[in-house]
Amino acid sequence: MIKKLFKRVFRKPARSKTTGACRVIPFEQHGVGRDGISYGAGKVTDGLQAAGYSAFVVGGAVRDMLLKRHPKDFDIATNATPEEVRRVFRRSRIIGRRFRLVHVMFGEETVEVSTFRRMIEAEDAQTDEHGRLLRDNEFGDQEQDAARRDFTANALFYDPATQEIFDYHDGYADIRANTLRMIGDPAVRYREDPVRMLRAVRLSAKLGMKLDAATAAPIAGMKELLSNVPQARLLDEMLKLLLSGHAVECIKKLRAMHLHHGLLPMLDVILEQPLGEKFVMLALQNTDRRIREEKPVSPAFLFAALLWHEVLSTWKQRQEAGVRPIPALHEAMDEVLNRQREQLAIPHRYDAVMKEMWLMQPRFEQRGGQRPIRLLALPRFRAAYDFLLLRCESGEADAQLGLWWDEFQDASDERRAEMLLPDSGGTAKKRRRRRKKPAGQADGAAVQAELPID
Ligand code: ATP
Ligand code: MG
């Protein structure tokens, strides 16, 4: 209590005195040693410094090291231009058109090097009609580079040679207080780039940091601005969020702040149905666990899971309107994907896998004849089976079905023969009839050729 009061009284003048100035924090105080950075990051800062430039580890990596977390990657900021960086490292290439960065390669590791940038002054800034910055690609100095970053915790520079941290915005104190605070006026910064609202949610969930009250306050009133952000950027951020290893926490926070509306519009609807909510949360928990275990996760699987209940309800509507099950499933998949694409640019490259996963679901019901054997042989059987298990666990599919497939996969030939259900002649007849159709009228993909027609 007394500590809090002390902080409140003394914080403001202390902060304003240091505005614009840089605090240098020695190793003895912060404790982050050079051995905490990657081989490549050390090589890049050494190389640039030997060539007469300044070079620092910046952003998320410094923050993570202070929080005793393993950084995902090490970004370097320097006063050398991209061409100058290129000249120092033979194995490097310039990437990006809007803002040019350099990738320096060391075996498996690629280190991203960016030249200090500055925020463009209000009068020269190009913004859209809502105030969103359309470009921020001017070179600047170190202090300007700190100021254009989003959170104080993300604006620290670490010099591996001296093991000092350069802090322009009291990020060090904020990290120690476990607080995520926007640099500058949060409302202005969200207007410049509304994605910062999503970053606030994602980073606070991922890092277990609390959002500073003034940083959180404007979000409720500004969330509509997200609808002006280009879809590709929203998707990028959404993927980072879903693949952060803390997706459940992120989605809960997004909902609590009513930020999920523009992102996955159907998520609102899905999360309101008990079965849908359970399924989505299970899928996210599963993803979080896989990421923590360093197992691969596929965005297509995740999107297929997020959209499944929407596909299910549209599929049902189509069948009620008299369309046969399989054509109805195709129509439902296309409709859901098109609707979603208007909001969030889920790239077409994921469509095939998502559809495959969905189309294989009704095939799990077919446990007669050779069909289960053929299903097992499909390259994406494992993913589709994992998907089925989530359905069983959420209560949408029969738990017995999951158990049957669990046993069938690893069973001996004799046991499989016992397990197979009697094959109904009716379906086979219908299948033969269906094969006589001219090719143009068939529904296409091999995966559905075996499904019963009605
Ligand atoms: P993560 O650990 O998830 O990678 P990060 O903070 O490193 O988190 P990046 O997207 O890799 O996030 O960004 C690197 C750095 O660039 C950030 O630490 C921040 O300083 C700056 N940055 C990223 N996005 C923005 C933004 N929208 N506005 C201002 N600065 C940003
Ligand atoms: Mg990063």
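One is the number of the first residue; the rest follow in order along the sequence. Just so you know, ligand 1 is whichever comes first in the structure, and atom 1 is the first atom listed for that ligand.
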Residues 240-250, side-chain donor-acceptor partners within the protein, below 3.5 Å, at least two apart:
from	atom 1	to	atom 2	distance (Å)
S244	OG	L241	O	2.9
S244	OG	H246	N	3.0

In order of chain and number, which residues sit within 4.0 Å of ligand 1 by heavy atom? G59, G60, R63, K72, R148, R149, D150, N154, D193, R196, R199, R202, L203, K206, R233, K240
Which one of W405, W308, F364 satisfies the ring pair (Phe, Tyr, Trp, His ring centres under 6.0 Å) criterion with F387? W308
Please report the closest heavy-atom contact between T215 and F151, naming both atoms and the distance. CG2-CE2, 4.1 Å
Looking only at the aromatic ring of each residue, does the gap between the centers of F157 and F56 stay below 6.0 angstrom? yes
Measure the acute angle between the ring planes of H309 and F279, then classify it against the limits of 30° and 60° as parallel, tilted or perpendicular. tilted
Indicate the ring-plane relationship of F381 and Y385, choosing parallel, tilted or perpendicular according to the 30° and 60° boundaries. parallel
